[in-house]
Visitor: 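Structure provided below as structure tokens; questions to follow.
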There are 2 protein chains.
Amino acid sequence: MTEIERFLEDKKVRPTAMRILVYKYMAKRQISVALSDIENAFTKAERTTLYRTLKTFEENGIVHQIDDGTGITKYALCEIGCNCEIEQDLHLHFHCNNCQETVCLTAHKIPHINLPEGYLAKDVNLVVKGLCKNCSN
Amino acid sequence: MTEIERFLEDKKVRPTAMRILVYKYMAKRQISVALSDIENAFTKAERTTLYRTLKTFEENGIVHQIDDGTGITKYALCEIGCNCEIEQDLHLHFHCNNCQETVCLTAHKIPHINLPEGYLAKDVNLVVKGLCKNCSN
DNA sequence: TAATAAATGCACTTCCCTTGCATTAAATAA
DNA sequence: TTATTTAATGCAAGGGAAGTGCATTTATTA
Ligand SMILES: [Mn+2]
Ligand SMILES: [Mn+2]
Ligand SMILES: [Zn+2]
Ligand SMILES: [Zn+2]
């Protein structure tokens with residue numbers, strides 16, 4: 001049993017062939033991925049299976065979803081200490097207008113947001129757009 | 001010539017009947033609206049016309065778009081001092097999980113966001129979700 | 001091995017956004 | 001005013017991504 005298989009079982013996710021491939025793919029790329037990215041990476045992949053794979057991953061705290069404002073849902077592997085399950089995912093995301101890639105800036109927590117009287121915050125989504133470090137030169 | 005007609009002409013938008021109605025509708029409701037909201041408000045309205053009306057409004061600095069993460073584009077009238085045209089729209093938006101309404105918190109500016117070396121910010125989207133003042137009791 | 005449960009593949013649906021194009025209305029030129 | 005040009009509207013269709021139903025395959029458990 002490989003390390004990835006052990007990891008998935010730890011997360012109560014059965015390590016099927018496809019799931020292992022998807023996990024490996026996401027681990028190799030360090031940026032967030034869209035469903036279509038994975039679909040294109042494997043010629044013999046069924047979109048629905050991938051969709052449900054990501055859904056299962058998300059439900060079991062392996063990935064978290066990112067809404068970067070492009071209209072396309074992105075997914076990123078949760079890092080150690082990612083608490084997107086127990087509470088809101090408080091790190092910010094950066095979307096590059098040039099290379100179109102979205103990254104988790106896990107080290108950059110979202111600052112406290114002041115709200116008017118009576119408003120109760122449960123979740124915060126913060127997306128910064130601009131040029132990433134590869135494209136800003 | 002009414003005040004609204006003068007306002008629209010000021011913004012280089014021809015004050016057609018439909019445009020005036022849409023503007024009035026948005027002014028009456030203080031929360032942001034979806035295309036379908038307007039569509040439902042007027043029985044005799046064509047979705048495409050409304051779509052293009054909002055697009056024209058946006059291009060001329062009358063409304064700004066809001067991506068509140070619901071997957072449905074919302075629009076809100078720009079207030080005096082709204083600088084969504086010349087630079088990024090820096091105020092935050094609040095989406096209520098209960099009544100599903102999204103409001104501009106124009107008085108609440110987005111705090112400065114620290115980014116890692118090499119990242120260049122051009123735009124920021126901040127959406128807080130939770131319970132609005134009407135629903136938090 | 002048999003029974004059960006889970007994962008996958010395929011087809012289809014839904015939802016919203018967007019566009020093409022003919023028609024109608026308005027603005028401008030003659 | 002009338003003719004010409006330009007803009008707005010209405011209807012139909014297209015596109016993309018998310019999501020579902022169900023039969024089939026694969027894996028697990030009895
Ligand atoms: Mn993230
Ligand atoms: Mn706003
Ligand atoms: Zn980039
Ligand atoms: Zn509410």
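Proteins come first, then strands; the chains are lettered A, B, ... in the order of their sequence lines, and each starts at number 1.
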Visitor: Rounded off to whole Å, could you give me the CD1-to-P distance for the A:Ile72 and D:dA17 pair?
Guide: 5 Å

Visitor: Under 4.0 Å, counting only non-hydrogen atoms across every strand here, what does B:Arg52 touch: a base, just sugar-phosphate, or nothing?
Guide: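 Base, at least one base atom sits under 4.0 Å.
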
Visitor: So B:Thr16, base contact, sugar-phosphate only, or nothing? Heavy-atom distance under 4.0 Å.
Guide: sugar-phosphate

Visitor: Judged by each residue's nearest nucleotide on DNA chain D, which is more toward the 5′ side, A:Pro15 or B:Ala45?
Guide: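 Closest to the 5' end, via its nearest nucleotide, is B:Ala45.
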
Visitor: 5'-most contact on DNA chain C: B:Lys74 or B:Glu9, nearest heavy atom basis?
Guide: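 This one resolves to B:Lys74.
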
Visitor: Separation of A:Asn60 atom CG from C:dA6 atom P, in whole Å?
Guide: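 Whole-Å distance recorded here is 13 Å.
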
Visitor: Nearest to the B:Thr49 side chain among C:dT18, D:dA18, D:dT9, which nucleotide is it?
Guide: D:dT9

Visitor: In this structure, how many angstroms lie between the P atom of D:dC11 and the NZ atom of B:Lys44, rounded?
Guide: 7 Å

Visitor: Send over the distance from B:Leu50 CG to C:dT18 P, rounded to a whole Å.
Guide: 14 Å

Visitor: Base, sugar-phosphate, or nothing: which does A:Ser36 touch, judged by heavy atoms less than 4.0 Å apart?
Guide: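 Since no nucleic acid heavy atom lies under 4.0 Å of A:Ser36, the category is nothing.
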
Visitor: Taking the six-membered ring where the residue is Trp, are the ring centres of A:His93 and A:His95 under 6.0 Å apart?
Guide: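 So the answer is no for these two rings.
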
Visitor: When rounded to the nearest 0.5 angstrom, what distance separates NE2 in A:His91 from CD1 in A:Ile110?
Guide: 8.0 Å

Visitor: Below the 4.0 Å mark, does D:dT28 have OP1 or OP2 next to a side-chain nitrogen or oxygen of A:Arg14?
Guide: no

Visitor: How long is the line joining CE of A:Met18 and C1' of D:dA27, in whole Å?
Guide: 18 Å

Visitor: Separation of A:Arg47 atom CZ from C:dA7 atom P, in whole Å?
Guide: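 The distance from CZ of A:Arg47 to P of C:dA7 comes to 19 Å, rounded to the nearest Å.
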
Visitor: Could you state the CD-C1' distance from A:Gln65 to D:dA17, rounded to the nearest angstrom?
Guide: 13 Å

Visitor: May I have the distance from B:Lys55 (atom NZ) to D:dA8 (atom P), rounded to whole angstrom?
Guide: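 Value for this atom pair: 13 Å.
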
Visitor: C:dT18, OP1 or OP2 - any side-chain N/O from B:Tyr51 closer than 4.0 Å?
Guide: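 Yes, B:Tyr51 has a side-chain N/O under 4.0 Å of OP1/OP2 on C:dT18.
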
Visitor: Going by the angle between their ring planes, with limits at 30° and 60°, are A:Phe7 and A:Tyr23 parallel, tilted or perpendicular?
Guide: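 Ring orientation of A:Phe7 relative to A:Tyr23: tilted.
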
Visitor: Looking only at the aromatic ring of each residue, does the gap between the centers of B:Tyr75 and B:Phe57 stay below 6.0 angstrom?
Guide: no

Visitor: Quick check for you: among C:dC21, D:dG21, C:dC17, whose closest atom lies nearest to any side-chain atom of A:Thr48?
Guide: D:dG21

Visitor: Under 4.0 Å, counting only non-hydrogen atoms across every strand here, what does A:Thr56 touch: a base, just sugar-phosphate, or nothing?
Guide: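 Counting heavy atoms under 4.0 Å across all strands, no contact is made by A:Thr56.
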
Visitor: Side-chain donor-acceptor contacts of residues 30-52 of chain A below 3.5 Å, not counting sequence neighbours, with atom names and distances?
Guide:
| unit_1 | atom_1 | unit_2 | atom_2 | d |
| --- | --- | --- | --- | --- |
| A:Ser32 | OG | A:Thr102 | O | 2.7 |
| A:Asp37 | OD2 | A:Ala34 | N | 2.8 |
| A:Asn40 | ND2 | A:Ser36 | O | 3.0 |

